[in-house]
**Q** 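Take a look at this one; I'll ask things after.
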Amino acid sequence: MDIGGSYGTLGGPSISIRSLTKDHIDFVLSDTDLSVANALRRVMIAEVPTVAIDMVEIETNSTVLADEFIAHRLGMVPIDSRDVEKLRYTRDCTCSQYCPECSVELTMHVKCTDDRTKTVTSRDLISSNPTFAPVLQDKNDAGVMLVKLRKGHELKLKCIAKKGVAKEHAKWSPVSGVAFEYDPHNKLRHTQYWFEEDESEW
């Protein structure tokens, strides 16, 4: 797939998509400066708004992990953000702390009653808005593991997910990694490779 741009009499950058899947894209950006490619990379990492868990209220925690540890793991759980434009930023909302216009509430209540170890994952989070639920690859995906429970252990909590960008915190980053390679085959000869000219260099 080729995507081209036009800037009047000047030719603009063009993108040729080499592969595209649900969670990966490989494309070639041409007819532009290296700084534009780097700017695009930085915007994808830090300035694309997403939804992430920002507040955690733990009611019961008898697991082996401390409250702060569980709260940090919950903050890194990816939330489906395809409809993020429907939410307001907290700073732009008229509510005092959070409301359905600027946040999504997720709850969890898990208790282990068996002798076997029970694994708690992001699939156990129940969202008040099905549009913003933890990301799962497919129906067989167990989700991100949060903690393991033994018999008698219980975890009950409420999370508030908000809209944000990764410039504020890495949990709002929509990508796991973005990289680019400038002229990977050295067709422009911008790199001089060293080679032996005579035997005296051995």
**Q** Taking all non-hydrogen atoms of both residues, which atom of Arg150 and which atom of Asp115 are closest, and how far apart?
**A**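 Taking every non-hydrogen atom into account, NH2-O, 4.2 Å.
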**Q** Tell me whether Arg123 contacts the main-chain N or O of Asp141 through its side chain, where contact means a donor paired with an acceptor under 3.5 Å.
**A**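 It does hold such a pair.
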**Q** Shortest non-hydrogen contact from Leu146 to Arg73?
**A**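 That closest heavy-atom pairing would be O-NE, 2.9 Å.
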**Q** Ser128 side chain to Glu105 main-chain N or O, any donor-acceptor pair under 3.5 Å?
**A**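 Here the side-chain-to-backbone pair exists.
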**Q** Could you point out which residue of Thr60, Asp67, Asn61 forms a side-chain hydrogen bond (donor to acceptor under 3.5 Å, both in side chains) with Thr63?
**A**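 The single option meeting the side-chain hydrogen bond (donor to acceptor under 3.5 Å, both in side chains) with Thr63 is Asn61.
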**Q** Take a 6.0 Å sphere around NE2 of His72 and say whether it holds more than 12 heavy atoms from other residues, nucleotides or ligands.
**A**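 Count not over threshold, so no.
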**Q** State whether the side chain of Thr121 and the backbone N or O of Ala142 hold a donor-acceptor pair below 3.5 Å, judged by distance alone.
**A**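 Side chain of Thr121 to backbone of Ala142, a donor-acceptor pair under 3.5 Å: yes, one is there.
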**Q** I want to check something: taking the side chain as every heavy atom from C-beta on, are Leu87 and Glu101 in contact at a cut-off of under 4.5 Å?
**A**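 Leu87 vs Glu101: side chains apart.
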**Q** Would you please test Met108 and Leu155 for side chain to side chain contact (heavy atoms under 4.5 Å, CB included) and show each step?
**A** CA-CA 7 Å; Met108 176 191 289; Leu155 181 62; 3.8 Å; yes
**Q** Whether the side chain of Trp172 engages the backbone of Lys162 through a donor-acceptor N/O pair (distance < 3.5 Å, no angle test) should be reported.
**A**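 Looks like yes, one N/O pair under 3.5 Å.
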**Q** Test Asp23 against Gln137 for side chain to side chain contact (heavy atoms under 4.5 Å, CB included), laying out the working first.
**A** CA-CA 9 Å; Asp23 56 5; Gln137 292 294 326; 3.7 Å; yes
**Q** In terms of side-chain geometry, is the basic nitrogen of Glu154 or Lys118 positioned less than 4.0 Å from the acidic oxygen of its partner?
**A**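 No.
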**Q** Roughly how far apart are His153 NE2 and Thr117 OG1, rounded to 0.5 Å?
**A**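 Those atoms lie 9.5 Å apart.
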**Q** Is there a side chain to side chain contact (heavy atoms under 4.5 Å, CB included) between Val104 and Thr131 once you walk through the steps?
**A** CA-CA 10 Å; Val104 180; Thr131 307; over 6 Å; no
**Q** Got a second to check how far Leu106's CG is from Asp124's CG, nearest 0.5 Å?
**A**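 One gets 12.0 Å once the value is rounded to the nearest 0.5 Å.
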**Q** Would you name the heavy atoms of Phe132 and Asp83 that are closest together and state the gap between them?
**A**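 Distance-wise, the nearest heavy atoms are CZ-O, 3.2 Å.
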**Q** To the nearest 0.5 Å, tell me how far Glu168 CD sits from Glu47 CD.
**A**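 So the CD of Glu168 and the CD of Glu47 are separated by 11.0 Å.
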**Q** With no hydrogens and no angle check, is any side-chain donor or acceptor of Thr21 less than 3.5 Å from a backbone partner on His24?
**A**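 Flag set: sc Thr21 to bb His24 pair under 3.5 Å.
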**Q** Do Cys95 and Cys102 come within less than 4.5 Å of each other through their side chains, counting heavy atoms only?
**A**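 When only atoms from C-beta onward are counted, Cys102 and Cys95 do touch, with a gap below 4.5 Å.
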**Q** Once rounded to the nearest 0.5 Å, what's the spacing between atom NZ of Lys163 and atom CZ of Arg88?
**A**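 So the gap between those two atoms works out to 10.5 Å.
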**Q** Looking at side-chain heavy atoms only, is the closest gap between Val144 and Met76 below 4.5 Å?
**A**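 No, too far: nothing below the 4.5 Å cut-off.
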**Q** Can Leu149 be reached from Met145 by stepping across I, L, V, M, F, W or Y side chains whose heavy atoms are under 4.5 Å apart?
**A**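 Hydrophobic grouping puts Met145 apart from Leu149.
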**Q** Which heavy atom in Pro174 sits nearest to a heavy atom in Val48, and how many Å separate them?
**A**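 Residues Pro174 and Val48, closest heavy atoms: CG-CB, 3.8 Å.
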**Q** Search all heavy atoms of Ser103 against all heavy atoms of Ile160 and return the closest pair with its distance.
**A**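 Nearest heavy atoms, Ser103 then Ile160: CB-CG2, 3.7 Å.
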**Q** So does Arg116 get a backbone contact from the side chain of Asp114, meaning a donor-acceptor N/O pair under 3.5 Å?
**A**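 Pair absent, no side-chain N/O of Asp114 close to backbone of Arg116.
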**Q** Does Lys158 have any salt bridge (charged side-chain N to carboxylate O under 4.0 Å, His left out) partners at least two apart in sequence or in another chain, and if so, which?
**A**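 Only Glu57 meet the salt bridge (charged side-chain N to carboxylate O under 4.0 Å, His left out) criterion with Lys158.
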**Q** Could you tell me the separation between the OH atom of Tyr98 and the CE atom of Met55, rounded to the nearest 0.5 Å?
**A**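 The CE atom of Met55 is 5.5 Å from OH of Tyr98, to the nearest 0.5 Å.
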**Q** Would a 4.5 Å heavy-atom cut-off, applied to side chains only, mark Ser173 and Val175 as touching?
**A**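 Ser173 reaches Val175 side chain to side chain.
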**Q** Could you state whether Ile79 and Met44 fall into the same hydrophobic cluster, counting links through intermediate Ile, Leu, Val, Met, Phe, Trp or Tyr residues with side-chain heavy atoms under 4.5 angstrom apart?
**A**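 No, Ile79 does not connect to Met44 through the hydrophobic network.
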**Q** Between Lys171 and Asp54, is any pair of side-chain heavy atoms under 4.5 Å apart?
**A**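 Of all side-chain heavy-atom pairs linking Asp54 with Lys171, at least one is under 4.5 Å.
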**Q** Starting from Val56, can I reach Phe69 by hopping between I/L/V/M/F/W/Y residues whose side chains sit under 4.5 Å apart?
**A**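 Yes, Phe69 and Val56 fall within the same hydrophobic cluster.
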**Q** Members other than Tyr89 in its cluster, when Ile, Leu, Val, Met, Phe, Trp, Tyr link by side-chain heavy atoms under 4.5 Å?
**A**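 Besides Tyr89, the hydrophobic cluster comprises Val165, listed by chain and residue number.
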**Q** Show the numbers, then the answer: is there a side chain to side chain contact (heavy atoms under 4.5 Å, CB included) between Val147 and Thr119?
**A** CA-CA 6 Å; Val147 65; Thr119 302; over 6 Å; no
**Q** Can you tell me how far apart OG (Ser19) and CG (Asp26) are? Round to the nearest 0.5 Å.
**A**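 If we round to the nearest 0.5 Å, Ser19:OG and Asp26:CG are 4.5 Å apart.
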**Q** Looking at Val36, is its backbone amide N or carbonyl O close enough to the side chain of Asp33 to form a donor-acceptor pair, meaning the two atoms are under 3.5 Å apart?
**A**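 Judged by distance alone, no pair lies under 3.5 Å.
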**Q** What I'd like to find out is whether the side chain of Val135 reaches to under 4.5 Å of the side chain of Val77, using heavy atoms alone.
**A**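 Sidechains of Val77 and Val135: no contact.
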**Q** Please list, chain by chain and in numerical order, all residues satisfying salt bridge (charged side-chain N to carboxylate O under 4.0 Å, His left out) with Lys111, sequence neighbours excluded.
**A**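 Result, salt bridge (charged side-chain N to carboxylate O under 4.0 Å, His left out) vs Lys111: none returned.
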**Q** Where is the tightest heavy-atom contact between Cys93 and Cys99, given as atom of each residue plus distance?
**A**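 Closest pair (atom of Cys93, atom of Cys99, distance): SG-SG, 3.4 Å.
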**Q** Does any part of the side chain of Cys159, heavy atoms only, come nearer than 4.5 Å to the side chain of Thr107, both counted from C-beta?
**A**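 Sidechains of Cys159 and Thr107: no contact.
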**Q** Measure the shortest side-chain to side-chain distance between Val51 and Asp80 over non-hydrogen atoms and say whether it is less than 4.5 angstrom.
**A**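 In short, these two side chains do not touch, never coming nearer than 4.5 Å.
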